[in-house]
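Worksheet for the structure shown next.
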Amino acid sequence: MGNLVFSSMVGAYAMQQFGVHWTLAVLVTIAAGVLVGLLNGYFVAYLRMNSLIATLAMGLFLQGAVLGATQARTMVVTDEGCSYIGSATVGNWPVMPIALFVAYLLAHVVLAYSAWGRNLYATGGNRRAANAAGINVRRARLGAFTASGFLAGLAGFLYTSYLGGVSVTVGSTTLLYAVAAPVIGGVSLFGGRGRVIGMLGGTLLITVIQTGLQLINVSAYYIQMIGGAMILLAIAVDAFRIRSEERGGV
């Protein structure tokens with residue numbers, strides 16, 4: 001989430017300070033996300049840092065950088081072209097969900113039907129076996145983090161378009177759901193398992209539950225507690241499933 005806020009701040013700053021057209025600012029935002037993902041991937045793939053700790057540390061660093069650069073003030077973006085996707089509609093359909101589903105569709109095609117996607121699944125399932133099969137594990141892991149940075153940059157632009165600016169609190173409020181959605185959707189924390197359609201289902205499920213709890217006036221503190229309980233339940237189910245598969249294999 002730190003990458004999302006940082007990349008969106010870079011794009012907004014380019015528009016505000018240098019008068020960059022919003023179409024070019026989109027590319028700047030995504031490029032910033034890709035560079036952060038590439039750097040994080042280098043730490044994990046080549047310096048062999050723990051992926052979870054390195055990602056969290058990078059996120060904290062970037063959120064701190066945004067906080068210092070903006071002095072905790074919201075950066076307002078007034079460019080109508082930039083805010084088009086966040087507010088416009090096509091017929092009766094808002095543009096933002098369309099962009100979301102297009103991103104999910106492209107991710108599904110790449111992961112399910114490309115050689116890179118198959119290599120990524122193999123690397124996540126068993127790095128030693130993938131290496132023995134001739135897969136460049138380091139390159140696959142670096143590519144995964146770079147792709148994650150690309151998606152973070154894209155999400156940063158969509159957030160800027162939707163909110164009409166950059167808020168330093170965005171990362172902290174969405175981190176829980178960014179972790180929960182894939183796990184609830186069937187993505188294994190042990191690697192090598194999970195589908196994009198499952199992640200989409202997890203995202204929609206969390207959104208429905210969160211919205212429903214807000215409609216019945218449940219306190220925000222309890223909503224966060226329920227989200228944490230859902231993550232714990234999904235992790236427990238995932239661990240039980242993997243243990244059952246291992247016993248069945250024996």
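Tested against T211, the residues T207, V208, L213, I209 include a single side-chain contact (heavy atoms from CB on, under 4.5 Å) partner, T207. Considering N40, V34, L39 as possible partners of T146, the one that fulfils the side-chain contact (heavy atoms from CB on, under 4.5 Å) test is V34.
Here CZ of F157 is found 10.0 Å from CG of L27. Values are rounded to the nearest 0.5 Å. Summarising the geometry, atom CZ belonging to F6 is positioned 13.5 Å from atom CG belonging to L67; distances are rounded to the nearest 0.5 Å. To the nearest 0.5 Å, atoms CD1 (I135) and CH2 (W116) are separated by 12.5 Å. Once rounded to the nearest 0.5 Å, the distance linking CE of M9 with CE of M75 reads 7.0 Å. The line from CE of M15 to CH2 of W22 is 9.5 Å long, rounded to the nearest 0.5 Å.
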(message) Determine whether T89 and V95 satisfy the following criterion, side-chain contact (heavy atoms from CB on, under 4.5 Å), listing intermediate values before the conclusion.
(response) CA-CA 5 Å; T89 58; V95 174; 5.6 Å; no
(request) Would you please test F145 and T55 for side-chain contact (heavy atoms from CB on, under 4.5 Å) and show each step? (result) CA-CA 10 Å; F145 279 92; T55 302; 3.7 Å; yes
(message) Using side-chain contact (heavy atoms from CB on, under 4.5 Å), reason through T160 and T29 one step at a time and then give a plain yes or no.
(response) CA-CA 10 Å; T160 302; T29 303; 5.9 Å; no
(message) Using the rule given for side-chain contact (heavy atoms from CB on, under 4.5 Å), can you reason through F43 versus S51, listing the C-alpha separation, both sets of side-chain angles and the distance that settles it, and then say yes or no?
(response) CA-CA 8 Å; F43 290 155; S51 58; over 6 Å; no
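Looking at every heavy atom in both residues, L52 comes nearest to N50 through N-OD1, 3.0 Å. Residues G153 and S7 come closest through the heavy atom pair CA-OG, 3.6 Å. The two residues N3 and G37 have their closest heavy-atom pair at ND2-N, 4.0 Å. Considering every non-hydrogen atom in both A144 and L120, the closest pair reads CB-CD1, 3.5 Å. Here the shortest heavy-atom pairing between V44 and A54 reads CG2-CB, 4.0 Å. The two atoms that bring A12 and V166 nearest to each other are CB-CG2, 3.7 Å, heavy atoms only.
Not one N or O on the side chain of Y159 forms a donor-acceptor pair closer than 3.5 Å with the backbone of G165. The closest donor-acceptor contact from the side chain of S8 to the backbone of L4 lies under 3.5 Å.
Cation-pi geometry between R138 and Y42 is not satisfied (NZ or CZ under 6.0 Å from the ring centre, within 45° of the ring normal).
Y113 and H108 have perpendicular rings, their planes meeting at more than 60° on a 0 to 90° scale where under 30° would count as parallel.
Hydrophobic clustering keeps L47 apart from L56 (ILVMFWY residues linked when any side-chain heavy atoms are closer than 4.5 Å, directly or through intermediates). In terms of hydrophobic clustering, with Ile, Leu, Val, Met, Phe, Trp and Tyr side chains grouped at heavy-atom distances under 4.5 Å, I30 and L62 are assigned to a common cluster. Cluster membership for L200 and L205, using ILVMFWY side-chain heavy atoms within less than 4.5 angstrom, is not shared. Cluster annotation: M199 is not connected to L158 through the hydrophobic network of ILVMFWY side chains, with a link wherever side-chain heavy atoms come within less than 4.5 Å. Hydrophobic clustering, with ILVMFWY side chains joined whenever heavy atoms are under 4.5 angstrom apart, keeps Y104 apart from L154.
The neighbour count for I197 CD1, taken as heavy atoms of other residues, nucleotides or ligands under 6.0 Å away, does not exceed 12. Annotation: Y46, atom OH; neighbour count of heavy atoms from other residues, nucleotides and ligands within 6.0 Å is above 12.
Under a 4.5 Å side-chain heavy-atom criterion applied to ILVMFWY residues, the cluster that includes L60 comprises that residue alone.
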